Amino acid sequence: QRAVESGADGIQLNVNVPNLPADQIKGVKITHQADSHYEEEVEKRLDPRGREYYWIGGKCIIDSKGDDNDMAVVRAGYISITPVKINQTNFNYMDALKGIDFD
């Protein structure tokens, strides 16, 4: 076993657990982040006092192929652990932007 240091090199662990009783969870899998999008749904409703409000929801659509991404694994009944980096800066593109005259 190797210990994983939390926050080493800016890495965090994204852990997703299926909404199942513990005895029905099939195990743990190391995954990559799925490409996905939401089909948004906005529904106009009334609260108990008759005031209007909007319920924003929708369905998550997995665009990734295969069964090794975080969303597919959780839907299959496994706990998903995905190492993610917080800094999303595209350092390669910074030089291209520095060459633009924004004045």
Side-chain angles (χ1 to χ4, degrees):
Q1 287 184 339
R2 289 191 313 171
V4 177
E5 182 179 331
S6 175
D9 297 323
I11 307 247
Q12 301 293 315
L13 298 179
N14 180 30
V15 179
N16 292 286
V17 180
N19 187 17
L20 295 171
D23 63 343
Q24 292 181 22
I25 294 176
K26 297 176 181 177
V28 177
K29 292 196 176 194
I30 306 304
T31 58
H32 65 87
Q33 191 173 20
D35 290 327
S36 62
H37 70 278
Y38 282 86
E39 287 184 353
E40 295 181 13
E41 297 173 2
V42 179
E43 194 176 314
K44 186 176 177 179
R45 297 183 178 183
L46 294 176
D47 72 12
R49 294 189 175 108
R51 296 177 296 192
E52 291 180 355
Y53 71 97
Y54 294 89
W55 183 263
I56 300 173
K59 183 168 61 170
C60 182
I61 307 298
I62 300 174
D63 298 320
S64 295
K65 303 295 182 214
D67 57 1
D68 59 344
N69 64 70
D70 55 354
M71 297 179 87
V73 163
V74 170
R75 288 182 178 176
Y78 292 87
I79 294 171
S80 164
I81 300 177
T82 307
V84 295
K85 291 188 81 156
I86 293 175
N87 186 344
Q88 296 181 2
T89 304
N90 184 331
F91 290 98
N92 294 327
Y93 198 69
M94 286 178 69
D95 288 336
L97 289 174
K98 288 176 183 175
I100 297 173
D101 183 9
F102 289 104
D103 292 326

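Position 1 is the first residue of the sequence; numbering continues from there. Computed from a predicted model, the values in this text were never measured in an experiment.
In this structure, Ile30 is a member of the same hydrophobic cluster as Val17, with clusters built from ILVMFWY side-chain heavy atoms closer than 4.5 Å. Cluster annotation: Ile25 and Ile81 are assigned to the same hydrophobic cluster (Ile/Leu/Val/Met/Phe/Trp/Tyr, side-chain heavy-atom contacts under 4.5 Å, transitive). A single hydrophobic cluster is seen to contain both Val28 and Leu20, as judged by linkage of ILVMFWY side chains at heavy-atom distances under 4.5 Å, directly or through other members.
Taking each heavy atom of Ala72 and Gly66 in turn, the nearest pair found is CB-O, 4.2 Å. Residues Ile56 and Val42 share a closest heavy-atom pair of CG1-CG2, 4.4 Å. The two residues Thr82 and Gln33 have their closest heavy-atom pair at CG2-N, 3.7 Å. Minimum interatomic distance between Pro83 and Ile11 (heavy atoms only, all atoms of both residues): CB-CG2, 4.0 Å.
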Determine all donor-acceptor pairs shorter than 3.5 Å in which one atom belongs to a side chain in residues 89-103; sequence neighbours excluded.
unit_1	atom_1	unit_2	atom_2	d
Thr89	OG1	Asn87	OD1	2.6
Asn90	OD1	Asn92	N	3.2
Asn90	OD1	Tyr93	N	3.1
Asp101	OD1	Asp103	N	3.2

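Ser80 has its side chain out of reach of Val15: every pair of non-hydrogen atoms, C-beta onward, lies at least 4.5 Å apart. Side-chain contact between His32 and Asp70 is absent, with no heavy atoms from C-beta onward closer than 4.5 Å.
Interatomic distance, NZ of Lys29 versus CG of Asn16, reported as 15.0 Å (0.5 Å rounding). Atoms CE and CD1, from Met71 and Ile61 in turn, are 9.0 Å apart once rounded to the nearest 0.5 Å.
Other residues, nucleotides and ligands place more than 12 heavy atoms under 6.0 Å from the CG atom of Asn14. Surrounding CD of Gln24 are more than 12 heavy atoms belonging to other residues, nucleotides or ligands, all under 6.0 Å away. Residue-environment remark: CG (Asp23) exceeds the threshold of 12 foreign heavy atoms within 6.0 Å.
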Set out, in order, the CA-CA distance, both residues' side-chain angles and the distance that settles side-chain contact (heavy atoms from CB on, under 4.5 Å) for Arg51 and Leu46, then state yes or no.
CA-CA 5 Å; Arg51 296 177 296 192; Leu46 294 176; over 6 Å; no
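By the salt bridge (Lys or Arg N to Asp or Glu O under 4.0 Å) test, Glu43 pairs with Arg45, sequence neighbours left out.
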